[in-house]
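Scope of the values below: all heavy atoms of this structure, side chains included, with no hydrogens, waters or symmetry mates. Numbers here simply count residues along the sequence, with the first being 1.
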Amino acid sequence: SSLALEQFAPFSMDGSYDHSCNIGVAIKDLGLTVRLDCELRQAHGCEYLAGSHILEAVHQRYAVLGSRFAPDKNAMLIHRLAEQDNNISLYAGPNFRGPPPLL
C-alpha cells in the first residue's frame with residue numbers, strides 16, 4: 001500500500017488539493033534537507049549519496065510551484081502543477097469523495 005496514493009491522490013481527484021502543509025513550509029523543509037545532504041556528501045567525500053539526484057529534482061520542482069502559487073497555498077498543489085504542465089486532469093468529478101485524512 002502507498003501512503004501517497006491512499007492519502008494524497010484523492011485530494012487531487014476531488015479537486016480540493018486540501019491537505020498537507022503550505023508551499024512555503026515545504027520549500028523551506030526541502031531546502032534544509034538539500035543542505036543536510038550537501039553537508040553529508042562533503043563529510044563523506046561523496047559526489048552524491050543515494051537519493052541526492054531525486055532530492056534536488058524535488059526541491060527544484062517545489063521552487064517552480066512556489067513561483068506559480070502563493071507560499072501560503074497548500075503544498076498539495078504540486079499535483080495541480082503536474083496537471084497544468086502535462087495538460088491533464090486527475091479530477092474525478094463532483095461526486096467523488098476521497099477517504100478522510102489519517103495524518
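- By the criterion of side-chain heavy atoms lying less than 4.5 angstrom apart, applied directly or through intervening Ile, Leu, Val, Met, Phe, Trp or Tyr residues, V25 is not grouped with Y17; the two fall into different hydrophobic clusters.
- Follow the hydrophobic side-chain contacts under 4.5 Å out from I54 and you reach L81 in the same cluster.
- Both V58 and L77 belong to a single network of hydrophobic side chains, linked directly or stepwise wherever heavy atoms of I, L, V, M, F, W or Y lie under 4.5 Å apart.
- In terms of the ring-ring contact (aromatic ring centres under 6.0 Å, His included) criterion, H44 has no residue partners (sequence neighbours excluded).
- Scanning for side chain to side chain donor-acceptor pair (under 3.5 Å) contacts around H59 gives an empty result, with sequence neighbours left out.
- By the salt bridge (Lys or Arg N to Asp or Glu O under 4.0 Å) test, D37 is found to be paired with R41, residues two or more places apart in sequence or in another chain being considered.
- Contacts classified as side-chain hydrogen bond (donor to acceptor under 3.5 Å, both in side chains) and involving residues 62-71 (residues at least two apart or in different chains) are given here: R68-D85.
- Between the CG atom of L65 and the CD atom of Q84 there is a distance of 9.5 Å, given to the nearest 0.5 Å.
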Stepwise side-chain contact (heavy atoms from CB on, under 4.5 Å) check, N74 with I23: CA-CA 6 Å; N74 197 289; I23 294 168; over 6 Å; no
Evaluation steps, side-chain contact (heavy atoms from CB on, under 4.5 Å), between F11 and H79: CA-CA 9 Å; F11 296 103; H79 293 187; over 6 Å; no
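- To the nearest 0.5 angstrom, R35 atom CZ is 8.5 Å from E39 atom CD.
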Throw together a table of side-chain donor-acceptor distances under 3.5 angstrom for residues 88-97, partners on residues two or more places apart or in other chains.
unit_1 : atom_1 : unit_2 : atom_2 : d
S89    : OG     : Y91    : N      : 3.1
R97    : NH1    : P94    : O      : 3.2

Residues L32, K28; criterion side-chain contact (heavy atoms from CB on, under 4.5 Å); working and verdict: CA-CA 6 Å; L32 292 171; K28 176 191 67 75; 4.1 Å; yes
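- Both I27 and I78 belong to a single network of hydrophobic side chains, linked directly or stepwise wherever heavy atoms of I, L, V, M, F, W or Y lie under 4.5 Å apart.
- Of the inter-residue distances, the one linking S12 atom OG with M76 atom CE reads 5.0 Å to the nearest 0.5 angstrom.
- For D29, there are no salt bridge (Lys or Arg N to Asp or Glu O under 4.0 Å) partners at least two apart in sequence or on another chain.
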